[in-house]
There are 2 protein chains.
Amino acid sequence: MGRIAQYDRQAALDSAINLFWEKGYSGSSMKQIEQALDMRPGSLYATFGSKDGLFSEALDLYSERNSNEMSAHLENYESIMSGMEDYLRKLALAFAPGTGTPSRACLIVKTLLEISHRESDLGRQVNRILDSIEERLREALEQAAARGELKRGTDCARLARLLQSQIIGLRSYAQRETSALQVAQLGEDMAAILAGYRS
Amino acid sequence: MGRIAQYDRQAALDSAINLFWEKGYSGSSMKQIEQALDMRPGSLYATFGSKDGLFSEALDLYSERNSNEMSAHLENYESIMSGMEDYLRKLALAFAPGTGTPSRACLIVKTLLEISHRESDLGRQVNRILDSIEERLREALEQAAARGELKRGTDCARLARLLQSQIIGLRSYAQRETSALQVAQLGEDMAAILAGYRS
DNA sequence: TCTTTTTTTGATCGGCCATTCAAGATAAGA
DNA sequence: TCTTATCTTGAATGGCCGATCAAAAAAAGA
């Protein structure tokens, strides 16, 4: 009994991701959200509770997809380090100027810089997400170390931090008005840096 | 003749930089600006024209200071590469968690990620500023190359891009809830990477 | 002191902000 | 077909947004 919901939650979150990714949290008004998701305020608030709630769900879904994409990418490689190095190159291609993504910069980092100054659930959430990504990178590097792909004595937690900061730098740099070639070279240089840690 | 202005333009812009740096463009309301600068709307709009105008001037001043600080730092070094490497370490210390800056992340990058999605004067300005910083880095690296500090055949423009993206990554990473030690290690690792390009 | 010029003040503007809610629409069970 | 439960709609909410402006205040020259 009861009316069936017309909207598709996943599709709605997809639209929300695209909007927030492009315009950021403060830059996206409820009116724009209503239009992007083709939902009226009543449905929106019944479904997601608030603008914050919607953003939070969108950010989580975005992060989960990013994480899954990296894992899926690494599965194709015998060598973890080769996979990692190619992942940097792949990011440089995927988020180069001219590609049709809502933003070249990462939504997580955009959120970090936009709202982590205040004590808020969103601020804690974005820190938690970045922690888990760094942890995922560390696990992969430790696996590589266990396989003897890394120089003896390599501090994997520390290298994971460097790697995350490289990715942040790469994608933020890509947000500039620059060329695909320059971003690709940046990805190449970062891959070479990572290769320098190999045994 | 005519009443003397009470406000100090430089002091007002200082306050504006601190506010915008912490809360971003959208996150800073005119009411907060009035309070931070201790100026009433009439004076504000007579002096800076608009919120955009104020932000634009604050961003330019912030950028000029950053640029001057880097130049001043490099002057203390015989070796340009040593100066550059220490500059990365210095950034890691200056913008580590616990230091009292309004934000650990760079205002220029925060602005890039917040508003460069739209066609706007501010978007063009932030791109222009980043161009000039990269250009400044390139000049320093070419000077280093001319002195024989760099490996033969080093592409200084390309290395300047890598360096800028490292700085972006370092300071954005520092915005996370992390420790001063971790950021310092990150700076150390980046200095080591740069040292890898030495002859 | 009076006039002229500039700055400062604070009320005020229309508009958009996130959010609420009552009324209408639509489904399944009785 | 009627009831009940759920979802959708769109107008309305109070409040804050960036911006304007007339009036008051303050300086310098006459």
Side-chain angles (χ1 to χ4, degrees), chain A residues 1-59 111 114-115 117-123 125, chain B residues 1-59 111 114-115 117-123 125:
Chain A
M1 61 192 84
R3 184 172 175 176
I4 293 288
Q6 289 184 313
Y7 67 86
D8 176 331
R9 192 182 188 91
Q10 196 78 356
L13 284 172
D14 274 335
S15 304
I17 286 174
N18 285 344
L19 183 65
F20 285 133
W21 193 4
E22 181 186 352
K23 310 200 168 181
Y25 177 79
S26 301
S28 305
S29 74
M30 282 308 297
K31 202 159 289 186
Q32 291 173 315
I33 292 171
E34 290 168 31
Q35 190 164 19
L37 277 65
D38 191 27
M39 289 174 74
R40 261 44 63 194
S43 301
L44 273 172
Y45 280 83
T47 309
F48 300 107
S50 64
K51 184 184 175 182
D52 270 63
L54 172 61
F55 188 89
S56 173
E57 277 202 45
L59 183 62
T111 307
E114 183 181 357
I115 58 164
H117 64 88
R118 55 182 161 110
E119 268 294 317
S120 66
D121 291 340
L122 248 36
Q125 182 179 349
Chain B
M1 60 191 81
R3 183 172 176 176
I4 293 290
Q6 289 183 315
Y7 67 87
D8 177 332
R9 192 182 188 92
Q10 196 78 357
L13 283 173
D14 274 336
S15 304
I17 285 175
N18 286 344
L19 182 65
F20 285 134
W21 193 3
E22 181 185 351
K23 310 199 170 185
Y25 176 80
S26 301
S28 306
S29 74
M30 282 307 299
K31 202 156 290 185
Q32 292 173 314
I33 292 171
E34 290 167 32
Q35 190 163 18
L37 277 66
D38 192 25
M39 288 174 74
R40 260 45 62 194
S43 301
L44 273 172
Y45 280 85
T47 309
F48 300 107
S50 66
K51 184 185 175 183
D52 270 63
L54 172 61
F55 188 90
S56 174
E57 277 202 46
L59 183 62
T111 306
E114 184 181 357
I115 59 164
H117 64 87
R118 54 181 161 108
E119 267 296 316
S120 66
D121 291 340
L122 248 36
Q125 183 179 349

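The chains referred to below are lettered A, B, ... by the order of the sequence lines, with proteins before strands, and numbering in each begins at 1. These numbers were taken from a predicted model, which means no experiment stands behind them.
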Please map the stems of DNA chain D, keeping only stretches of three or more Watson-Crick or G-U wobble pairs with both distances under 3.5 angstrom. C:1-30 with D:1-30

Heavy-atom pair with the smallest gap, counting every atom of Tyr45(B) and Ser50(B): CE2-CA, 3.8 Å

Exercise: identify the closest heavy-atom pair between Glu57(A) and Phe48(A): OE2-CD2, 3.7 Å

Side chain Ser43(A), main chain Met39(A), donor-acceptor under 3.5 Å: no

Between Glu114(B) (side chain) and Ser26(B) (backbone), is there a donor-acceptor pair under 3.5 Å? yes

Taking the inter-plane angle between the rings of Phe20(B) and Phe55(B) on a 0 to 90° scale, is it parallel (under 30°), tilted (30 to 60°) or perpendicular (over 60°)? perpendicular

In this structure, CG of Asp52(B) is separated from CG of Leu59(B) (nearest 0.5 Å) by 11.5 Å

Quick one: which of Leu13(A), Leu54(A), Asp14(A) gives a side chain to side chain contact (heavy atoms under 4.5 Å, CB included) with Leu37(A)? Leu54(A)

Whole angstrom is fine here: how far is it from CZ in Phe48(A) over to P in dT20(C)? 16 Å

Could you run down nucleotides 8-18 of chain C 5' to 3' and tag each one B, S or - for protein heavy-atom contact under 4.0 Å? BBBB-----SS

Heavy atoms from other residues, nucleotides or ligands near CD of Gln35(A) exceed 12 (cutoff 6.0 Å): no

